[in-house]
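Okay, structure first, notes after.
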Amino acid sequence: MLQNLEQFLPNNEPASLKNYPFFWISQVNGKYSQLIEKSIKKLGIDNTRRKIILSTNALGQASITDIANLSTLKLTTATKAVYRLVEDQIVEVFSSELDERISMVKLTEKGLAMVEQINLISQVTLSGILHAFEEDELKLLNSQLQKIFDLMPSS
């Protein structure tokens, strides 16, 4: 356990922010989002739609609520984006067989091809950054980030 936790929390000293782990998580996420947004622009999608496409791919077929949760998007934002993706024929929406009130989403063939394009762009965009790390460092980073995630209360 940390004896001197205060050194890792922001306080009135401007430099304290750089010792705050959530400052770095936020900074990395912001920079990552900007980098990916710029890279995927040529596909005609934004970061919100990219998240939905990749989340839908990971889940196979899922409710809009499940996709929103995995994508870390508000349900209203995810719903609007899903229906824009329907218009672009990237996903299709249908009623759940178990509960017709639930809208389910799955990728179309065009959506599956989009996943491949997004993943290729991500690999090209991020490979230089990831090559700066050893495999063990990335595994440790992932486990530490997952630990932080698991310790945070759900909303």
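Please read all numbers here as calculations on a predicted model, not as lab measurements. Values reported hereafter were calculated over all heavy atoms of this structure, with side chains retained and with hydrogens, waters and symmetry mates removed.
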### Query
If we only count heavy atoms from C-beta on, is the Met114 to Ile118 side-chain gap below 4.5 Å?
yes
### Query
In Å and rounded to the nearest 0.5 Å, what is the OG1 to CD1 distance from Thr77 to Ile52?
8.5 Å
### Query
Are Val93 and Met104 connected in a single hydrophobic cluster, I mean Ile/Leu/Val/Met/Phe/Trp/Tyr linked by side-chain heavy atoms less than 4.5 Å apart?
no
### Query
Does any non-hydrogen side-chain atom of Val91 lie less than 4.5 Å from one of Thr108?
no
### Query
Rounded to the nearest 0.5 Å, how far does NZ of Lys139 lie from CD of Gln144?
14.5 Å
### Side chains of Asp46 and Arg50 in contact at under 4.5 Å (non-hydrogen atoms)
no
### Task
State, with a plain yes or no, whether a side-chain heavy atom of Leu112 is found less than 4.5 Å away from one of Glu109.
yes
### Query
Just wondering, are more than 12 heavy atoms of other shown residues or ligands nearer than 6.0 Å to CZ in Phe94?
yes
### Task
Nearest 0.5 Å please: distance from the OG atom of Ser39 over to the CD1 atom of Ile121.
7.0 Å
#### Entry: Under 3.5 Å donor-acceptor, Ser96 side chain and Ile102 backbone
no
### Query
Sub-3.5 Å donor-acceptor pair from the side chain of Glu137 to the main-chain atoms of Glu134, do we have one?
yes
### Message
How long is the straight-line distance from OG1 of Thr79 back to CZ of Arg84, given to the nearest 0.5 Å?
### Response
11.0 Å
### Query
What are the two closest heavy atoms between Ile67 and Thr56, and how far apart are they?
CD1-OG1, 3.3 Å
### Task
Calculate, to the nearest 0.5 Å, the distance between atoms CD1 and OG1 belonging to Ile53 and Thr48 respectively.
11.0 Å
### Linked, directly or transitively: Leu140 and Leu138 (ILVMFWY side chains, under 4.5 Å)
no
### Query
Does Thr72 reach the side chain of Lys51, with side-chain heavy atoms less than 4.5 Å apart?
yes
### Query
To the nearest 0.5 Å, how far apart are CG in Asn19 and CH2 in Trp24?
9.5 Å
### Message
Strictly distance-based, threshold 3.5 Å: is any side-chain N or O of Ser71 a donor or acceptor partner for the main-chain N or O of Leu73?
### Response
no
### Message
Could you check whether any side-chain heavy atom of Ser122 comes within less than 4.5 Å of a side-chain heavy atom of Ile36, counting everything from C-beta outward?
### Response
yes
### Query
With a 4.5 Å heavy-atom cut-off, do Gln27 and Lys31 have their side chains touching?
no
### Donor-acceptor contact present, side-chain Lys110 to main-chain Asp88, <3.5 Å
yes
### Query
Taking a hydrophobic cluster as the set of Ile, Leu, Val, Met, Phe, Trp and Tyr residues connected by side-chain heavy atoms closer than 4.5 Å, whether directly or through intermediates, do Leu151 and Leu145 fall within one such cluster?
no
### Stepwise side-chain contact (heavy atoms from CB on, under 4.5 Å) test for Tyr83 and Ile64
CA-CA 10 Å; Tyr83 283 98; Ile64 295 176; 4.1 Å; yes
### Query
Transitively linked via ILVMFWY side-chain contacts under 4.5 Å: Leu107 with Leu43?
yes
### Query
Considering only heavy atoms from C-beta outward, does the side chain of Leu126 approach that of Leu35 to under 4.5 Å?
yes
### Task
May I ask whether Phe149 and Ile25 are part of the same hydrophobic cluster, defined by side-chain heavy atoms of I, L, V, M, F, W, Y residues being less than 4.5 angstrom apart, directly or through others?
no
### Least distance between heavy atoms, Tyr20 atom then Leu9 atom
CD1-CA, 4.0 Å
### Task
Measure from the side-chain N and O atoms of Ser26 to the backbone N and O of Phe22, and report whether any donor-acceptor pair falls under 3.5 Å.
no
